[in-house]
Amino acid sequence: MSPSTTKTKTLRGRRTRAPKPLSRPPFGDDDADSSDCGGGGGGEDDVRCERCGSGDSGDELLLCDKCDRGYHLFCLRPVLVSVPKGSWFCPPCAKRRQLESFPLVQTKIIDFFRIQTAKEAIPKSIHDAHKKRKRSSSLVVSKKKRKLLPFNPSEDPIRRLKQMASLATALTATGAEFSNELTYMPGMVQRSANRAALEQGGMQVLPKEDVETLNLCKSMMERGEWPPLMVVFDPQEGFTVEADRFIKDLTIITEYTGDVDCLKNREHDDGDSMMTLLSASNPSRSLVICPDKRANIARFINGINNHTPEGKKKQNLKCVRFDVGGECRVLLVANRDISKGERLYYDYNGHEHEYPTEHFV
């Protein structure tokens, strides 16, 4: 398609050379339509945002590769944090069929998540974990140490199937398969590259008891005892995650999983939701987690607008990197009690403060 104006050519060239986006255009129906947009006015050389009608902030004005209409990054819903590297289509041009929910059939769910057994062992596993914790803590007389807690699955097996189906729907919609582990694929890096000893400034070691809690969470999921989380689609935020029952402070929400790759290979990648795994003194050894092809629910947990007090109040998770058996791992943990129905948010920036969150809703 040939551009209609000189300014269109300039903007498109800038956009296709820009760094990776950390959010994708909305999937499914969008609440915007060209008929109710602000509309672009002015002369032939003017490019204006179809949402707000302004031609300001040209560096953040995207042009559709199909219709040449313009949209500001911050006017889109969900917001795009940075300019996409490749082709981009506006909401009207990108409209797809209604998102189909993953079939709520137990056999399909078990196959999708490769669950080993569907036996109902939730109360026993949780009860035994707490009994062990009580016995060990009774001998402690020194300063009390805060320990991570395993998630508490919903008792209703039908409800757990709905929770799993919501994640399966989101993964299918984004073209990813489920993986609850870090994966090391040919052409990326080998597992031996993931060494916590390379972390600049050192990395905190996950205590033995917390490692056991993490392993308990993973083994419960393998049996179909699912964390009480529901993935929903919001027209403003895209896919997002809600608590499906009360979650206690310090509960392990999930481990961040996906393909592990060198940061230098992904600096201009257009995949979304990449996560720092290893920040090495030698930048060539820094690693990231890429959840575009293999992922778990962590991929769909959104970030806060950490530029406003209101945004910061929404934060209910912390993202922490740990040394687990000499390897780097990333955990999302509740940093306060979370009510049923509350959406989950964490600070995408961590300690770096480089991620542009000012337009997050």
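None of these values were measured; they are calculated from a predicted model.
- In this structure, CD1 on I252 lies 9.0 Å from CZ on F151, to the nearest 0.5 angstrom.
- I115 contributes atom CD1, which lies 8.5 Å from atom CD of Q106 (distance to the nearest 0.5 angstrom).
- Annotation: side chain to side chain contact (heavy atoms under 4.5 Å, CB included) contacts of K293 (sequence neighbours excluded): D259.
- Of all heavy-atom pairs between M164 and G224, the closest is CE-O, 4.1 Å.
- With salt bridges taken as basic N to acidic carboxylate O contacts below 4.0 Å, one links R159 and D244.
- Counting Ile, Leu, Val, Met, Phe, Trp and Tyr side chains that sit under 4.5 Å apart, directly or through other members, M185 shares a hydrophobic cluster with M188.
- Other members of the hydrophobic cluster containing V232, listed by chain and number, are M230; membership follows side-chain contacts under 4.5 Å among ILVMFWY residues, whether direct or relayed.
- K162 is listed as a side-chain neighbour of L104, based on a closest heavy-atom distance under 4.5 Å.
- The closest side-chain donor-acceptor pair between E342 and N316 falls under 3.5 angstrom.
- For the atom pair OG of S286 and CG of N265, the computed distance is 11.5 Å after rounding to the nearest 0.5 Å.
- A side-chain donor-acceptor contact under 3.5 Å links H72 to the backbone of D56.
- Between L317 and I301 there is a side-chain heavy-atom pair separated by less than 4.5 Å.
- Contact check for Q163 versus S154: side-chain heavy atoms found under the 4.5 Å cut-off.
- A salt bridge links R245 and E155; the closest N-O separation between the charged side-chain nitrogens and carboxylate oxygens is under 4.0 Å.
- No chain of hydrophobic side-chain contacts below 4.5 Å, direct or via other Ile, Leu, Val, Met, Phe, Trp or Tyr residues, connects L76 to F74.
- Between V211 and L214 the shortest side-chain heavy-atom distance does not fall below 4.5 Å.
- A search for side chain to side chain contact (heavy atoms under 4.5 Å, CB included) contacts involving S284 returns K264, N282, not counting sequence neighbours.
- A side-chain donor-acceptor contact under 3.5 Å links R299 to the backbone of P291.
- Linking ILVMFWY residues whenever their side-chain heavy atoms come closer than 4.5 Å, directly or via other members, leaves M220 and F246 in distinct clusters.
- What you find for Y71 and P92 is that their closest heavy atoms are OH-CD, 3.5 Å.
- Applying the ring-ring contact (aromatic ring centres under 6.0 Å, His included) rule to F102 yields the partners F112; only residues at least two apart in sequence or on another chain are considered.
- For the pair S273 and F300, the minimum side-chain heavy-atom distance is 4.5 Å or more.
- When every heavy atom of T257 is checked against every heavy atom of S179, the shortest pair comes out as OG1-O, 2.7 Å.
- In this structure, R329 and L182 have side chains that are in contact, with non-hydrogen atoms separated by less than 4.5 Å.
- Atom CD of residue Q315 and atom CG of residue N335 lie 5.5 Å apart, to the nearest 0.5 angstrom.
- Salt bridge R285/E199: absent, no basic N to carboxylate O contact under 4.0 Å.
- In this structure D249 satisfies the side chain to side chain contact (heavy atoms under 4.5 Å, CB included) test together with R146, D337, sequence neighbours excluded.
- Listed by first and then second residue, the salt bridge (Lys or Arg N to Asp or Glu O under 4.0 Å) pairs that reach into residues 173-192 are E181-K218, R191-E327, sequence neighbours excluded.
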Practice problem: Would you sort out whether V288 and L277 count as a side chain to side chain contact (heavy atoms under 4.5 Å, CB included), showing the intermediate values? | Solution: CA-CA 5 Å; V288 290; L277 177 64; 5.8 Å; no
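- Paired with L149 under the rule side chain to side chain contact (heavy atoms under 4.5 Å, CB included), one option of L216, T251, D210 passes, and it is T251.
- M203 belongs to no multi-residue hydrophobic cluster, having no ILVMFWY side-chain contact under 4.5 Å with any other such residue.
- I109 and I158 end up in the same hydrophobic cluster when Ile, Leu, Val, Met, Phe, Trp and Tyr side chains are linked at under 4.5 Å.
- The backbone N or O of C75 lies less than 3.5 Å from a partner atom in the side chain of R51, making a donor-acceptor pair.
- Of all the heavy atoms in N296 and E255, the pair that sits closest is ND2-O, 2.6 Å.
- In this structure, R160 and P228 have side chains that are not in contact, with every pair of non-hydrogen atoms separated by 4.5 Å or more.
- The distance from atom OH of Y346 to atom CG of N302, rounded to the nearest 0.5 Å, is 8.5 Å.
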Exercise. Kindly indicate, with the supporting measurements, whether the criterion side chain to side chain contact (heavy atoms under 4.5 Å, CB included) is fulfilled by C290 and M274.
Key: CA-CA 5 Å; C290 310; M274 287 194 294; 3.7 Å; yes
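- V205 is linked by a side chain to side chain contact (heavy atoms under 4.5 Å, CB included) to D323, counting only residues two or more places apart in sequence or in another chain.
- M221 is listed as a side-chain neighbour of N180, based on a closest heavy-atom distance under 4.5 Å.
- Shown here for R321 and L278, the closest heavy-atom pair between the two residues is NH1-CA, 3.8 Å.
- A salt bridge links R343 with E237: at least one charged nitrogen is closer than 4.0 Å to a carboxylate oxygen.
- Every pair tested for ring-ring contact (aromatic ring centres under 6.0 Å, His included) that includes a residue from residues 192-212 fails, sequence neighbours excluded, so the list is empty.
- V189 and C262 make their closest contact through CG1-SG, 3.2 Å (heavy atoms, listed as atom of the first residue, atom of the second, distance).
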Quiz item: Run the side chain to side chain contact (heavy atoms under 4.5 Å, CB included) check on T240 and V231 step by step: do they pass?
Solution: CA-CA 6 Å; T240 187; V231 184; over 6 Å; no
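- Legend: ring-ring contact (aromatic ring centres under 6.0 Å, His included) pairs involving residues 173-210, not counting sequence neighbours, sorted by first then second residue: F113-F178, F178-W226.
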Exercise. Please assess L287 against C328 for the test side chain to side chain contact (heavy atoms under 4.5 Å, CB included), listing each intermediate value before the final yes or no.
Key: CA-CA 10 Å; L287 303 177; C328 305; over 6 Å; no
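- Scanning for ring-ring contact (aromatic ring centres under 6.0 Å, His included) contacts around F322 gives an empty result, with sequence neighbours left out.
- With rounding to the nearest 0.5 Å, the separation of CD1 in I247 from CD1 in I338 is 5.0 Å.
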